[in-house]
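Everything on this sheet refers to the single structure shown next.
Each chain gets a letter, A, B and so on, in the order the sequences are listed, and its residues count up from 1. Here the structure is a predicted model, which is why all the values come from computation and not from measurement.
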Amino acid sequence: GQNIDQPTEMTATEGAIVQINCTYQTSGFNGLFWYQQHAGEAPTFLSYNVLDGLEEKGRFSSFLSRSKGYSYLLLKELQMKDSASYLCAVKEWVTGGGNKLTFGTGTQLKVEL
Amino acid sequence: DTEVTQTPKHLVMGMTNKKSLKCEQHMGHRAMYWYKQKAKKPPELMFVYSYEKLSINESVPSRFSPECPNSSLLNLHLHALQPEDSALYLCASSQDAGERFGNQPQHFGDGTRLSIL
């Protein structure tokens, strides 16, 4: 089984930087994804980490430490449109079944003026 | 707009009805997925199809019956659902569910919002 934890809610100011943490315990780890989901919409892919270290993509960066079972998503120069739920998802290899994605509890980010 | 299309967008049905949810993708992806998402909760995996064969069933009740007629289509047949089955049903696809490595994200449709009366 898997246990994936994120803070439930965070609030930040427009223009600031926010870090959303994710901790996980899993077997068969095969990568970690971050998705953004606006209310009533589909989750959209933000970033992927499979090796330790930092991946940067514009205003978004994601970090992974496999030994610590820890990842974070860093959002810079926050904009109002960044208000959304941010989902950490662990990809697990299932023998005979393929890759399985399990989502964390999600972090609802509110960006204020 | 997403590249994974789901129909219908909304569905209201009674507990004795039979209905189907449809999902279509034309990205050449060979893996397709069904998820269930309750309000303010993350998506929960239900089924995985890899190369048109069911590869993962997350102990989903038999009142949900998936079908993959071809590599572009995925259906979810519904029968005798319960009120607690009301949720957003998301379909997703990825290039391949079989590779052990690779940064292949899953692409999600906008979902079907299902209400059981």
Side-chain angles (χ1 to χ4, degrees), chain A residues 1-9 20 22 24 26 28-51 53 55 57 60 62 64 66 84-109, chain B residues 1-6 9-10 23 25 27 29-60 87-113:
Chain A
Q2 299 200 46
N3 191 21
I4 306 170
D5 289 317
Q6 304 177 233
T8 304
E9 293 178 340
I20 302 174
C22 171
Y24 64 88
T26 184
F29 178 83
N30 197 24
L32 188 145
F33 292 90
W34 283 94
Y35 281 84
Q36 179 193 63
Q37 187 175 26
H38 285 98
E41 296 182 12
T44 54
F45 168 70
L46 291 177
S47 69
Y48 173 77
N49 296 72
V50 67
L51 300 176
E55 293 285 339
K57 248 179 142 179
F60 297 89
S62 57
L64 176 68
R66 289 172 298 171
S85 180
Y86 290 85
L87 299 159
C88 163
V90 173
K91 189 165 71 166
E92 178 187 21
W93 174 255
V94 177
T95 303
N99 279 304
K100 170 182 163 180
L101 204 62
T102 302
F103 285 86
T105 48
T107 299
Q108 187 65 44
L109 174 67
Chain B
D1 288 341
T2 64
E3 295 173 59
V4 177
T5 304
Q6 291 187 243
K9 291 195 185 305
H10 301 275
C23 175
Q25 57 88 13
M27 294 180 280
H29 289 174
R30 303 312 301 268
M32 296 185 77
Y33 311 80
W34 280 114
Y35 289 85
K36 174 183 178 180
Q37 187 175 25
K38 301 283 273 185
K40 299 189 186 300
K41 298 288 187 184
E44 293 180 358
L45 182 67
M46 299 174 72
F47 303 104
V48 178
Y49 271 83
S50 178
Y51 289 85
E52 299 153 52
K53 287 186 166 38
L54 182 65
S55 61
I56 297 178
N57 176 343
E58 289 287 277
S59 303
V60 179
L88 180 68
Y89 288 84
L90 292 163
C91 173
S93 71
S94 67
Q95 190 169 347
D96 195 313
E99 285 193 17
R100 301 197 63 175
F101 303 100
N103 60 345
Q104 301 168 41
Q106 293 182 16
H107 298 260
F108 285 82
D110 286 333
T112 294
R113 191 160 297 282

Would you say A:Y48 and B:P105 make side-chain contact, with heavy atoms under 4.5 Å?
->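 They are not in side-chain contact.
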Are B:P42 and A:I4 close enough that some pair of their side-chain heavy atoms sits under 4.5 Å apart?
->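 No, every pair of side-chain atoms sits at 4.5 Å or beyond.
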Interatomic spacing from [atom1] in [X] to [atom2] in [Y] - rounded to 0.5 Å:
| X | Y | atom1 | atom2 | result |
| --- | --- | --- | --- | --- |
| A:F103 | B:Y35 | CZ | OH | 5.0 Å |
| A:T8 | B:K40 | OG1 | NZ | 11.5 Å |
| A:E92 | B:I56 | CD | CD1 | 8.5 Å |

Under a 4.5 Å heavy-atom cutoff, which of B:A39, B:P43, B:G111 has the most pairs with chain A?
->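 The option with the most such pairs is B:P43.
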If you count the non-hydrogen atoms of other residues, nucleotides and ligands that lie under 6.0 Å from CD in B:E44, is the total more than 12?
->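 Incorrect, the count does not exceed 12.
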Answer yes or no: are there more than 12 heavy-atom neighbours, outside B:K41 itself, under 6.0 Å from its atom NZ?
->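 Open: at most 12 neighbouring heavy atoms sit under 6.0 Å from NZ of B:K41.
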Pick one of side chain, backbone, both or neither for B:Q37, based on which atoms fall under 4.5 Å of a heavy atom in chain A.
-> side chain
Side chain, backbone, both or neither of B:E58 within contact of chain A (heavy atoms, under 4.5 Å) | side chain
Under 4.5 Å from any heavy atom of chain B - which part of A:Q37 = side chain
Under 4.5 Å heavy-atom distance to chain B, tell me which part of A:L101 shows up: side chain, backbone, both or neither.
-> both
